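Each remark here refers to the structure printed beneath this line.
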Amino acid sequence: MSVDEPQLKRRPGKDTVGALSPDKQLHQDSSNSVGAGSRAGVSELVRNSSSYAFMAVVVLSFITRYYRIWDPAQVVFDEVHFGKFASYYLRREYYFDVHPPLAKMLIALGGWLIGYDGHFLFEKIGMDYMSNGVPYMMLRGWVALFGLALPPLVYMVMAESGYSVIASLLAALLVTFDNALVAQGRLILLDNIMIFFMLASVYSYVKFFKQRYHPFGVQWWTWLLSTGVMLGCVVSCKLVGLFTIALVGVAVIFDLRRILDIRRGNTMLEFWQHFVSRAFALIAVPVVLYLSFFAIHLAILTRTGPGDAYHTSQFQMQLIDSPLAKSSFDVHYGDQIAIRHRETGVFVDSNPGRYPLRYEDQRVSSQGQQVTGAKDKTDNSFWIIKPMVDQEAFAQFVARRQAGEEISKDELNKWVVHHTDLVQLQHAATGSNMRTHDVASPMTSTNMEFTTLALNDTAHAADTVWKLEIDGAKSNSTLLKTSSSFIRLVNNKHGVAMWTHPKKLPEWGHGHQEINGKKDPTAKSTLWAITEIRGRQITAEEVEEMAKKQSGMSFLEKFVELQGLMIKHNNALTTVHPFQSTPLSWPFLTRGISFWTDAAQRKQIYLLGNPIGWWVSNLALLAFFAGLVMLEAYGMRDIDLVGSIVRRHILRSGGFIAFAWFIHYFPFFMMGRSLFLHHYLPASIFAYMMVAACFQFIFVHPYQLFTLRSWSSRARALLPSYSTGLVFAVLVAIQVATFVFFAPISYGTSTLTAEQVNSRRWLPGYDLHFQK
């Protein structure tokens, strides 16, 4: 296997260090640098400064993340969700969530390691941990390990990218003392776990890229596969991990373009070897990992749980102790059935009460018998299902059943309800048939009113005929079953489907939901289930028979169904939340999120980034993009402002960081779901890294003398000048001071007076509690 000619790759103007870094060549002019000089003249303190800086970052990160991690001893913000999900894993009860499972399984792993049994379900914010015997400190401490790792990882990424000790340390300290990252990183939440894998992906790719002159060697494969594994992990925590995959994907495209360049001397065979290797490691490996984590997720959650109702009946029937498996009967004509809405859970109810003559908007009703959605099942919730064919034989069949005659299984099977049957539904309590007609419904004037029709009213009998459609049925031979079949009732004459919505009727409607005829019969919200046949009890023989008949689902079938539900429900998260915000506001930190309050002690946790740090990051991003324009403009005039090596590092490393910020931020502008400040946290990491990159580009000269070959390598010099050290000290001091000032609302450990609270309302959008 041929290798690129080193003379070509190391020609002047091409870098030789690796990913995102300047040349290894030492700069000879070091006379003006603090700590610079010959190898013999450099002190051990300077030579080991990278190791000392890294250790300092680890210690400071530990302190900020674990400081009073036991406080508050109550459920905080989304611990109500992710703590609960961890408990479900430990109880092996199925739940549904819009996020992939890895981060939640890692939280559950921490609970399992300490012997937690999942008895607590984190039902609401403010619930006490101590009185419920929850090992919350250990759970928080486990998650905080991932938050603790973020600043060291930032240091490692910057150092491996060819930045100096001082610039790498600056980036790490900015992340260490960010209030939002600290607040998120010490609670039972997902974001810091995802960000950990995001940074690990970037670090692995940087290490891989630095091996590009030694392709297909052990380290080359190690870091390429490591990148793929980390990418698989980040997208398995949250789907926004796809942004990190896009980041690495774009970098790989540029790398492959370089390899394809004929001036590199590579053959087409070598190009395809590189292409296939990357495709395997960076596409196949993440896909396999993503599938594997879902396989583990489904292998653990084998018992029925709160997530059942989101899924098809076939999926639910796979779960141990599923209610469907215990109550799934064939429905026969003549049965009295209770019909329940899949989404809102109300039963189709009717009573002798009538619709008022006029509604509040002065529209006139039919004054017919009300058909409404009732939360509780009563005698008014049962309907007799009747066929539209063989009515004489049906009447005889019903009479024999009511007389208690024994009826053979074969004869019973003749009267099982099937997909697409035309039926009537007779209200068991009042004896009238369910009807819809061309009268506007009470609350939804575009939909048809639901009422009932007396049996002797033959003139309008066509309004009472319904086509029963079973969701997912593959043929007309599909049988209707209780609980496990989801159905639509579509009026045969008018083509509208029975539908309801959560809004309650006025007082005359007894607090029930409106039921009406929806003109889009295919909508998912038109699905109902038959939950009960009055008087029907299952026998042990029937349970055994149903278990034998139950068709299994392959993992891929379950996976596809679950993915569809995750995407659907994630896109449906559009409900207005009091603390949601827009992507445009995030970099400017115009508002935060209230995580937790204690009114008695006037304490609160309010998610807010470090305002000074975020605003300085914005300036750094702006300065970088302005610098690119300036470099391009002067370059067009053949004027080199910074030298070829610095220019290349700005374009390659600075460009990578800027694109990382962009790709983790701008896609949120295209999302229609509710968004929150914490969605900006991954991008904020790269914004902090841009501050350090700009610091390096502006203040660190001679450039090559201060670059690090790796985070663990020995430094050749530490500070270019005392003024550079002063700028570094001022930036860090301001970041730390701002962090300390906002720490009481980041940790929630201090009682604040109204004056102290208001002193932290730097912007009107900081809607802190206890301002008075």
Side-chain angles (χ1 to χ4, degrees), residues 77-78 80-82 85 95-104 180 184 189-191 194-195 198 234-247 249-250 290 294 307 309-311 341-344 444 446-447 499-503 518-527 559-595 607-609 614 659-687 765 767:
F77 192 55
D78 276 353
V80 77
H81 298 302
F82 304 122
F85 296 154
Y95 74 89
F96 172 78
D97 183 43
V98 298
H99 300 302
L102 177 58
K104 294 168 290 185
Q184 278 274 341
L189 303 174
L190 303 186
D191 290 84
M194 182 198 72
I195 295 172
M198 176 194 78
V234 70
V235 77
S236 297
C237 291
K238 280 189 170 185
L239 289 177
V240 292
L242 290 169
F243 302 158
T244 308
I245 291 179
L247 169 67
V250 170
Y290 189 75
F294 272 97
Y310 290 91
H311 287 274
H341 191 234
R342 181 180 183 181
E343 288 191 359
T344 63
T444 314
T446 56
N447 290 3
W499 177 75
T500 187
H501 56 88
K503 193 172 182 180
K518 188 176 181 68
K519 294 180 181 178
D520 177 13
T522 62
K524 284 291 185 182
S525 55
T526 60
L527 289 176
F559 173 81
V560 170
E561 179 176 325
L562 182 51
Q563 294 303 297
L565 287 170
M566 286 167 54
I567 294 170
K568 171 191 171 184
H569 285 276
N570 191 49
N571 292 335
L573 295 175
T574 56
T575 304
V576 176
H577 190 282
F579 288 98
Q580 72 181 61
S581 53
T582 63
L584 187 61
S585 69
W586 296 342
F588 305 102
L589 200 62
T590 58
R591 74 175 315 206
I593 307 173
S594 178
F595 269 21
L607 184 74
L608 193 72
W614 283 33
F659 183 70
W661 170 80
F662 175 88
I663 200 65
H664 286 88
Y665 173 44
F666 272 83
F668 287 105
F669 284 91
M670 296 180 284
M671 295 185 185
R673 57 156 292 177
S674 300
L675 297 170
F676 301 88
L677 180 66
H678 60 77
H679 288 118
Y680 185 68
L681 293 184
S684 74
I685 297 274
F686 294 110
D767 36 8

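A quick note: this is a predicted structure, and the numbers were derived from the prediction, not measured. One-based numbering along the sequence shown.
By the 4.5 Å heavy-atom criterion applied to side chains, H664 and V240 are not counted as neighbours. Side-chain contact between Q563 and Y290 is present, with at least one heavy-atom pair separated by less than 4.5 Å. Residues F85 and L190 form no side-chain contact, since every pair of their non-hydrogen atoms from C-beta on lies 4.5 Å or further apart. Residues Y95 and K104 form a side-chain contact, since some pair of their non-hydrogen atoms from C-beta on lies under 4.5 Å apart. Looking at heavy atoms from C-beta onward, L608 lies in side-chain contact with L589 at the 4.5 angstrom threshold. Side-chain contact between D520 and W499 is absent, with no heavy atoms from C-beta onward closer than 4.5 Å. A 4.5 Å side-chain heavy-atom check between P667 and F243 finds at least one atom pair inside the cut-off. No side-chain heavy atom of S525 sits less than 4.5 Å from a side-chain heavy atom of H501.
Ring geometry for H678 versus F676: interplanar angle under 30°, hence parallel rather than tilted (30 to 60°). Under the 30°/60° scheme for interplanar angles, the aromatic rings of F662 and F666 are found to lie parallel. H679 and W586 have tilted rings, their planes meeting at an angle from 30° to 60° on a 0 to 90° scale.
Of the possible polar contacts, none joining the Y680 side chain to the S585 backbone as a donor-acceptor pair under 3.5 Å is found. Side-chain atoms of S674 come within 3.5 Å of backbone N or O of L573 as a donor-acceptor pair. Checking side-chain atoms of T526 against main-chain N and O of P521 turns up a donor-acceptor pair under 3.5 Å. The closest donor-acceptor contact from the side chain of R673 to the backbone of T575 lies at 3.5 Å or more, if one exists at all.
Counting non-hydrogen atoms of other residues, nucleotides and ligands closer than 6.0 Å to OH of Y310 gives a total of 12 or fewer.
A distance of 9.0 Å separates CE of M198 from CG of L247, quoted to the nearest 0.5 Å. In this structure, CG on L677 lies 10.5 Å from OG1 on T582, to the nearest 0.5 angstrom.
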